[in-house]
Amino acid sequence: MTVVALSDLIRCQNDLIKALDSDSVSALEHATASVAAAIARLTSDPEWQKSLDVGEDVTYALKQAEAAKARVNFLTDRTRQRLE
């Protein structure tokens with residue numbers, strides 16, 4: 001269960017990054033909801049942290065989260081500059 005949920009989270013993160021790069025509000029809303037649902041599925045297993053080794057999938061998921069965060073920060077800065 002946890003491996004499938006983690007793979008699903010990674011897929012949703014990829015979709016989120018694509019949505020952030022696309023400037024499509026509807027794609028961004030859908031991808032954000034998908035990531036939230038994937039995180040909920042992953043964490044619904046009370047033993048999820050114990051079942052995850054620090055392996056390639058976990059490392060990749062963390063890198064994807066950082067990539068999405070960088071894009072959000074960039075878009076926030078760009079919006080702030082436009083408002084000023």
Side-chain angles (χ1 to χ4, degrees):
M1 167 71 179
T2 303
V3 174
V4 173
L6 183 58
S7 296
D8 188 40
L9 174 61
I10 291 170
R11 182 188 53 76
C12 291
Q13 288 174 322
N14 286 329
D15 293 344
L16 177 60
I17 290 169
K18 289 176 188 174
L20 287 165
D21 290 343
S22 75
D23 291 332
S24 169
V25 174
S26 61
L28 184 56
E29 289 174 341
H30 177 57
T32 302
S34 295
V35 168
I39 290 170
R41 283 189 300 276
L42 180 65
T43 59
S44 67
D45 177 5
E47 299 292 317
W48 75 275
Q49 289 177 322
K50 293 178 185 175
S51 64
L52 292 177
D53 291 326
V54 179
E56 292 179 20
D57 287 342
V58 174
T59 301
Y60 186 72
L62 291 172
K63 287 180 182 179
Q64 290 295 89
E66 285 298 318
K69 178 182 172 184
R71 284 168 171 80
V72 168
N73 289 340
F74 171 77
L75 293 171
T76 302
D77 289 343
R78 192 170 78 178
T79 301
R80 184 178 303 117
Q81 290 172 358
R82 286 180 180 173
L83 290 173
E84 289 174 355

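For this chain, numbers begin at 1 and follow the sequence in order.
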- Establish whether I39 and V72 are linked, either directly or via other cluster members, by ILVMFWY side-chain heavy-atom contacts under 4.5 Å. yes

- Message: To check you understand the geometry: which heavy-atom pair defines the closest contact between Q13 and V35, and what is its length?
- Response: N-CG2, 4.0 Å

- For D57 and I10, work out which heavy atoms get closest and say how close. O-CD1, 3.5 Å

- To the nearest 0.5 Å, how far apart are CZ in R71 and CD1 in I17? 5.0 Å

- Message: Whether K18 and D21 form a salt bridge (side-chain N of Lys/Arg under 4.0 Å from carboxylate O of Asp/Glu) is what I want to check.
- Response: no

- Message: Working to the nearest 0.5 angstrom, can you tell me the gap between E66 CD and Q64 CD?
- Response: 11.0 Å

- Any idea which heavy atoms bring A38 and C12 closest together, and the distance? CB-SG, 4.0 Å

- Note on the structure: In terms of heavy-atom contacts, L16 and A68 come closest through CD2-CB, 4.2 Å

- Could you tell me whether the side chain of L83 reaches within less than 4.5 Å of the side chain of T79, counting heavy atoms only? yes

- From S34 OG over to L9 CG, what is the distance, rounded to the nearest 0.5 angstrom? 11.0 Å

- Message: Would you compute the distance between atom CG of L20 and atom CG of D15 and round it to the nearest 0.5 angstrom?
- Response: 11.0 Å

- Message: Looking at every non-hydrogen atom in both residues, tell me the closest pair between L6 and L42 and how far apart they are.
- Response: N-CD1, 3.9 Å

